[in-house]
Number of protein chains: 2
Amino acid sequence: MGVMERVASRRKKAVAPVETGAATIPVDSLLRGDCIAQMAALPDACIDMIFADPPYNLQLGGDLFRPEGGRVDAVDNDWDKFDTLGAYDRFTKAWLTQARRILKPNGTIWVIGSYHNIFRVGAALQDEGFWILNDIIWRKANPMPNFKGTRFTNAHETLIWASQGEDARYTFNYKAMKTLNDELQMRSDWVLPICGGQERLKRNGTKAHPTQKPEALLYRVLLACTKPGDVVLDPFFGTGTTGAVAKRLGRRWIGIEREESYIEVALERIADALPLDESALTIMQSAKSQPKVAFGTLVETGYCQPGTVLTDLKRRWQAVVRADGSLAVGTDSGSIHKMGATLQGAPSCNGWTFWHLDAGEGLKPIDTLRQTYLLANEP
Amino acid sequence: MGVMERVASRRKKAVAPVETGAATIPVDSLLRGDCIAQMAALPDACIDMIFADPPYNLQLGGDLFRPEGGRVDAVDNDWDKFDTLGAYDRFTKAWLTQARRILKPNGTIWVIGSYHNIFRVGAALQDEGFWILNDIIWRKANPMPNFKGTRFTNAHETLIWASQGEDARYTFNYKAMKTLNDELQMRSDWVLPICGGQERLKRNGTKAHPTQKPEALLYRVLLACTKPGDVVLDPFFGTGTTGAVAKRLGRRWIGIEREESYIEVALERIADALPLDESALTIMQSAKSQPKVAFGTLVETGYCQPGTVLTDLKRRWQAVVRADGSLAVGTDSGSIHKMGATLQGAPSCNGWTFWHLDAGEGLKPIDTLRQTYLLANEP
DNA sequence: AGGACTACTGAATCTGTAG
DNA sequence: CCTACAGATTCAGTAGTCC
């Protein structure tokens, strides 16, 4: 039991806005202008859910070129520029304060970000009194690689889901999530593709917004944590993914956006949005990747010790497993597949079936190790 | 705003400790007591990597960090929350300050946590001047379900990897990670099982430590970001997973722990850990770390005759090798890299892979000449 | 129609050394 | 501090063209 639980349990009164009842608010509409000013104009406790995709404050350096020569089309918009971390924190506190005020006592807030900003946003949420319910990892099926080989591929973004306080009740459609996930509890990591193809909105042939979010992501968020008819506010509306999905799911929406070019695209898009049919929904959500296991994982997890000697079925060659999952044969080394191919003079090779362990009573392919691993570690 | 302001301004001096050279520090050993006091006793810039799994339950460290006199007078019933979050932040800042001081300028720090504390830790890292390189998601293959069905199954933990500053160099064994992941770049989401079965340390039949980390996790961290012989410090040592894996991988370790019951288990465990021999420890090296060969050397030594005609893969251009190792294309000339870049209109080009020899049965990159040369002339 | 091949793209804190 | 330059570096997916 962590400190935050202990502390909040002493605080019995939830520090949350008061329900105002039927205040008149502009639903299914877009408010033009600065999100803090526009939120300030809304009454207390009128929103069921807030979904926010604030600027990430990326702090990119110069141009980045791909290995084949192309230039990466980076986010260089003014709205993502902040002079200091302190300035970003003040901005975050300002919009979170308003968000907390207009959110109903039993409403929840979702915020999405990357490592550039999400830690500051998460700390600010806690400082404001929000109670974190989950952090959710959007694992991108097809992220941009790290072209220079300097870091791990940045293959995910983080969402935080929080209520007004520890004792607040909130909407969580447990059964719907379980159904969506083939009768298994929905986990905190979601595998979804990035937004591209037909879904990606274009203007004059180029992307209308640099960071358009996939509808599948919003679909899951809204389906999990709102009821039909709920009012969903997105203070950083962009091209209106939140509005489009809300409309499709029978939720009401309010968007706030200040860039006229995004507004045009968003309104047109939402006007065209139709309720999704079941098959489209199923496809959208079933980005299940089959479990792939790298040979290196077996080394890391102790299923195959570094130093183990492998051989091919005819015992023509021997290889030693190294700490990084590579195989050493004489002075040459490489992955199980590469070394198998090299030794045979073949263009490719399935290392899983080529390499064998000497198990005393005979050789067995290393694929059996993978099967053992999968048996022990499949959900 | 102090540090935060300075760090946010790009390309400025990294606020980092000074290298002290050969300071005497106690390696491969466990220091008993409070981690802040023990780190304070270590010299500046003596550690290559810090791996930290800090508590988020202040029961472990709270006594030292109760608010001193003259503390913030918080308002109404928020005082306890503010007070306790503040105490956790002071604790975090205190140990991070020491960590930053004892870490070498080109060392890196890893911290693991969950949504209860990771946002505060991440923000504190940035406030101290650390530069986040990646956030990593440990995706648990077999997490504890959410029994009450009130939230998403909490199926991951977050790690942050950071350097001393934006311009700091750091160790990242890119090629080894790529090999470990079946020839694909290692991503920021790591699928690994939780610690259980034989690996889970028991004492009197119950688990010896509530949050023992799997060795596979530390294995990947240490393999990715340290070199053999590096000194790895773990200020929240627990049952010594970091020490056991460091010993296995030929890294030196320092652990700090104050609970006697964990210390006993840790020392016994590390004593039992078997170090891998040097051949198994060898990992795949990036081309970056291979000895450089100038193209001119290949011309001088006869591996490529002056007058040889080179072409790109699509045979769009032809170039003639000159005696000084430069290439002539029409009236223009320059290095293999410069000419490749010029012809493509690209900012840069790797001439070794751009230019090809016509070898009768097909084109082969001139990089194969370099490989041949290296094989024949390496010690 | 369909397969092979090419071109392009996505929230990216993306080089290192010598002079 | 700067500039110059050698040279290392990419995954999954969509769309279009050609045969």
Side-chain angles (χ1 to χ4, degrees), chain A residues 53-77 79-81 85 112-118 138 140-158 193-200 202 205-207 209-214 238 287 289, chain B residues 7-8 10-13 126 131-135 162-163 165-167 169-170 172 174-175 178 181 183-188 286-290 292-296 313-314 325 334-338 340-341 346-355 366-367 370:
Chain A
D53 182 12
Y56 288 8
N57 189 23
L58 286 184
Q59 303 177 249
L60 302 180
D63 281 344
L64 177 64
F65 290 90
R66 302 162 187 269
E68 83 275 10
R71 182 179 151 277
V72 174
D73 184 13
V75 177
D76 55 0
N77 308 67
W79 50 253
D80 196 48
K81 291 184 167 44
L85 286 178
I112 182 168
S114 66
Y115 69 85
H116 310 83
N117 71 322
I118 198 65
W138 169 26
K140 300 182 184 183
N142 47 349
M144 181 147 50
N146 181 293
F147 294 115
K148 303 296 186 187
T150 55
R151 304 182 181 186
F152 299 98
T153 303
N154 198 358
H156 73 275
E157 293 189 25
T158 301
I194 58 177
C195 180
Q198 296 299 322
E199 189 187 335
R200 189 84 192 198
K202 302 280 173 77
T206 57
K207 56 189 176 191
H209 191 285
T211 70
Q212 185 183 341
K213 295 295 177 286
S289 51
Chain B
V7 165
R10 295 181 58 80
R11 301 290 167 215
K12 290 301 150 230
K13 52 177 169 274
Q126 293 178 309
W131 188 252
I132 298 180
L133 297 167
N134 277 117
D135 60 336
S163 70
E166 183 180 3
D167 297 323
R169 276 196 290 269
Y170 53 87
F172 178 56
Y174 173 76
K175 193 73 182 300
K178 191 171 174 176
N181 195 38
E183 301 296 334
L184 289 179
Q185 283 191 341
M186 188 67 82
R187 299 165 38 115
S188 59
S286 303
K288 287 173 194 166
S289 55
Q290 285 170 4
K292 285 186 184 167
V293 179
F295 183 65
L313 194 54
K314 296 174 191 166
S335 71
I336 54 172
H337 313 296
K338 183 157 178 263
S348 67
C349 168
N350 182 350
W352 291 109
T353 51
F354 179 76
W355 292 108
I366 57 175
D367 196 43
R370 178 167 62 165

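Values below: all heavy atoms of this structure, side chains included; hydrogens, waters and symmetry mates excluded. Letters go in sequence order (proteins before strands), and every chain restarts at 1.
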Original post:
Among C/dG10, C/dT13, D/dA8, which is the nearest nucleotide to the side chain of A/Lys148?
Top reply: D/dA8
Original post:
On a plain distance test, is the side chain of A/Lys140 in donor-acceptor contact with the base of C/dA11 below 3.5 Å?
Top reply: no
**OP:** Assess whether atom NZ of B/Lys338 is packed by more than 12 heavy atoms of other residues, nucleotides or ligands within 6.0 Å.
**Re:** no
**OP:** Have a look at A/Ala74 and say if it touches a base, only the backbone sugar-phosphate, or nothing, with a 4.0 Å heavy-atom cut-off.
**Re:** base
Original post:
Checking all strands, does B/Ile132 fall into the base, sugar-phosphate, or nothing category for heavy-atom contacts under 4.0 angstrom?
Top reply: base
Subject >> Separation between the C1' atoms of D/dT17 and C/dA1, rounded to whole Å >> reply: 15 Å
Original post:
When we call it a touch if two heavy atoms are under 4.0 Å apart, what does A/Ser114 touch: a base, just sugar-phosphate, or nothing?
Top reply: nothing
**OP:** Give A/Pro54 one of three labels, base, sugar-phosphate or nothing, depending on what nucleic acid heavy atoms sit under 4.0 Å from its own.
**Re:** base
**OP:** Assign A/Glu68 to base, sugar-phosphate, or nothing according to its heavy-atom contacts below 4.0 angstrom with the strands shown.
**Re:** base
Pairs: protein N or O with nucleotides 3-6 of chain D N or O, under 3.5 Å:
| residue | atom | partner | partner atom | Å |
| --- | --- | --- | --- | --- |
| D/dA6 | OP2 | B/Ser335 | OG | 2.9 |

Original post:
Is any side-chain N of the basic residue among A/Asp76 and A/Lys81 closer than 4.0 Å to the acidic one's carboxylate O?
Top reply: no
Subject >> Pairing pattern in dot-bracket form [Watson-Crick, G-U; both distances under 3.5 Å; | = partner strand] for DNA chain D >> reply: .|||||....|||||||||
Original post:
With a 4.0 Å cut-off on heavy atoms, is A/Asn146 in touch with a base, just the backbone sugar-phosphate, or nothing at all?
Top reply: base
**OP:** Give A/Phe65 one of three labels, base, sugar-phosphate or nothing, depending on what nucleic acid heavy atoms sit under 4.0 Å from its own.
**Re:** nothing
Original post:
What interatomic distance, in whole Å, is found between C1' of D/dC5 and the corresponding atom of C/dT13?
Top reply: 25 Å
Original post:
Within the pair B/Tyr174 and D/dT9, is there a side-chain N or O less than 4.0 Å away from OP1 or OP2?
Top reply: no
Subject >> Same-atom distance (C1') from D/dT10 to C/dA7, integer angstrom >> reply: 15 Å
**OP:** Pick the P atom in C/dA18 and in D/dA8, then give their distance to the nearest Å.
**Re:** 15 Å
Subject >> Distance-only donor-acceptor test (3.5 Å): side chain A/Arg200, base D/dG13 >> reply: no
Original post:
Are B/Glu183 and B/Lys178 within salt-bridge range, i.e. N to O under 4.0 Å?
Top reply: no
**OP:** Pick base, sugar-phosphate or nothing for A/Lys213, based on heavy-atom distances below 4.0 Å to the nucleic acid.
**Re:** base
Original post:
Using a cut-off of less than 4.0 Å, is there contact between a side-chain N or O of A/Gln198 and OP1 or OP2 of D/dA15?
Top reply: yes
Original post:
Looking across every strand, which nucleic acid part, if any, lies under 4.0 Å from A/Gly197 by heavy atom: base, sugar-phosphate, or nothing?
Top reply: sugar-phosphate
